[in-house]
Amino acid sequence: MSARTLLRLGALAAAALGVVGAVATPAAAEYNHVDIVDNGRYLGAMFWNRDPWSGTPGDSLQMCDDYPDGIGLEARLIVGGKVDRVASTAGHNSPYCSPWKSGDLPEGHHYIVKVYKVKGGVYTWWNDYDVWS
């Protein structure tokens with residue numbers, strides 16, 4: 001069973017127990033995974049890959065939507081106060097994972113990823129998450 005599958009099962013168990021919010025789970029020093037849980041329901045996950053690993057590019061962002069509720073998920077990496085890259089599931093049927101969005105960033109810097117829920121073209125801010133390059 002893959003690490004991602006195990007993380008999803010943990011999120012589903014948290015949702016079943018009524019845990020509300022998002023849970024950040026660093027799977028490795030350079031890889032972050034954040035489950036998006038809303039009102040006890042697992043919606044999907046945001047992934048950040050700091051360094052190239054197992055075929056995944058470094059400094060890369062991905063968003064996955066696993067719940068077919070008509071709500072998409074979008075992650076925006078903020079660099080220097082501006083949106084640097086966007087990973088979105090909007091407009092795709094669930095389950096769906098966006099392609100990895102990557103680009104070189106200076107090492108050892110802290111960045112913010114803003115996550116939004118998207119429905120009918122309306123973006124609703126969900127939460128901010130810290131990532132490192």
Side-chain angles (χ1 to χ4, degrees):
M1 191 174 298
S2 73
R4 181 165 176 211
T5 300
L6 289 172
L7 289 168
R8 280 185 176 175
L9 291 174
L12 291 171
L17 294 172
V19 175
V20 178
V23 180
T25 308
E30 66 280 335
Y31 183 79
N32 289 301
H33 164 259
V34 177
D35 286 327
I36 310 301
V37 179
D38 186 20
N39 293 321
R41 192 175 43 165
Y42 174 75
L43 300 180
M46 184 271 295
F47 297 91
W48 170 257
N49 196 48
R50 179 176 171 178
D51 295 315
W53 176 72
S54 189
T56 303
D59 298 332
S60 59
L61 181 66
Q62 182 183 54
M63 181 58 81
C64 294
D65 183 352
D66 296 315
Y67 194 79
D69 57 359
I71 298 173
L73 300 171
E74 182 167 297
R76 300 174 186 173
L77 177 69
I78 308 301
V79 176
K82 297 180 182 179
V83 176
D84 182 78
R85 65 197 68 162
V86 175
S88 181
T89 69
H92 296 275
N93 292 328
S94 298
Y96 174 79
C97 288
S98 73
W100 286 98
K101 301 296 182 169
S102 65
D104 194 33
L105 294 170
E107 294 299 312
H109 287 78
H110 168 259
Y111 300 97
I112 300 293
V113 175
K114 294 187 169 290
V115 173
Y116 296 84
K117 295 191 299 183
V118 185
K119 184 163 185 154
V122 176
Y123 291 76
T124 305
W125 174 79
W126 174 251
N127 211 341
D128 290 349
Y129 300 98
D130 298 323
V131 296
W132 291 87
S133 62

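Keep in mind the model is a prediction, meaning the values are calculated, not measured.
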Asker: Decide whether Y111 and W126 are clustered together by the hydrophobic rule: side chain heavy atoms of Ile, Leu, Val, Met, Phe, Trp, Tyr closer than 4.5 Å, transitively.
Answerer: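 Yes; W126 is reachable from Y111 via cluster members.
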Asker: Atom CZ in R50, atom OG in S133: separation rounded to 0.5 Å?
Answerer: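 R50 CZ to S133 OG: 6.5 Å, rounded to 0.5 Å.
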Asker: Considering only distance and modelled atom types, tabulate donor-acceptor pairs under 3.5 Å from the side chains of residues 113-121, sequence neighbours left out.
Answerer:
residue	atom	partner	partner atom	Å
K114	NZ	D128	OD1	3.3
K114	NZ	D128	OD2	3.0
K117	NZ	D38	OD2	2.7

Asker: If you measure from CG on D130 to CG on N32, what distance do you get to the nearest 0.5 Å?
Answerer: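 One gets 9.5 Å once the value is rounded to the nearest 0.5 Å.
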Asker: Tell me, please, which residues at least two apart from P99 pass side chain to side chain contact (heavy atoms under 4.5 Å, CB included).
Answerer: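 Listed in chain order: Y96.
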Asker: Compile the donor-acceptor pairs under 3.5 Å between side chains in residues 78-85 and protein atoms, sequence neighbours left out, one pair per line.
Answerer:
residue	atom	partner	partner atom	Å
R85	NH1	D59	O	2.3
R85	NH1	G103	O	3.2
R85	NH2	G103	O	3.3

Asker: Hey, could you give me each pair passing salt bridge (charged side-chain N to carboxylate O under 4.0 Å, His left out) that has a residue in residues 102-113? Not counting sequence neighbours.
Answerer: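 Applying salt bridge (charged side-chain N to carboxylate O under 4.0 Å, His left out) to every pair that reaches into residues 102-113, excluding sequence neighbours, yields nothing.
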Asker: Are there over 12 heavy-atom neighbours, none belonging to Y67, within less than 6.0 Å of that residue's OH?
Answerer: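 Atom OH in Y67 is not crowded, with 12 or fewer foreign heavy atoms closer than 6.0 Å.
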Asker: Among the clusters formed by ILVMFWY side chains lying less than 4.5 Å apart, do Y129 and L61 turn up in the same one?
Answerer: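 Yes.
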Asker: Indicate yes or no: at least one non-hydrogen side-chain atom of L77 is less than 4.5 angstrom from one of L105.
Answerer: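 Side chain of L77 against side chain of L105, heavy atoms only: contact under 4.5 Å found.
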Asker: Working to the nearest 0.5 Å, report the span between CD of Q62 and OG1 of T89.
Answerer: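 Going from the CD atom of Q62 to the OG1 atom of T89 covers 10.5 Å.
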Asker: I need the K101 NZ to S88 OG distance, nearest 0.5 Å.
Answerer: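 Interatomic distance, K101 NZ to S88 OG, rounded to 0.5 Å: 9.0 Å.
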Asker: Once rounded to the nearest 0.5 Å, what's the spacing between atom CH2 of W132 and atom CH2 of W48?
Answerer: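 One finds 12.5 Å between CH2 of W132 and CH2 of W48.
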Asker: Give, for atom CH2 of W100 and atom OG1 of T56, the distance between the pair rounded to the nearest 0.5 Å.
Answerer: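 One gets 5.0 Å once the value is rounded to the nearest 0.5 Å.
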Asker: Kindly write out the residues that satisfy side-chain hydrogen bond (donor to acceptor under 3.5 Å, both in side chains) with S102, not counting sequence neighbours, or none if the list is empty.
Answerer: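 For S102, no residue satisfies side-chain hydrogen bond (donor to acceptor under 3.5 Å, both in side chains) once neighbours in sequence are set aside.
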Asker: Answer with yes or no whether the hydrophobic clustering places M46 together with I71; edges join I, L, V, M, F, W, Y residues whose side-chain heavy atoms lie under 4.5 Å apart.
Answerer: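 Hydrophobic grouping puts M46 apart from I71.
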Asker: Tell me every residue that passes side-chain hydrogen bond (donor to acceptor under 3.5 Å, both in side chains) with S94, counting only those two or more places apart in sequence or in another chain.
Answerer: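 S94 satisfies side-chain hydrogen bond (donor to acceptor under 3.5 Å, both in side chains) with D65 only.
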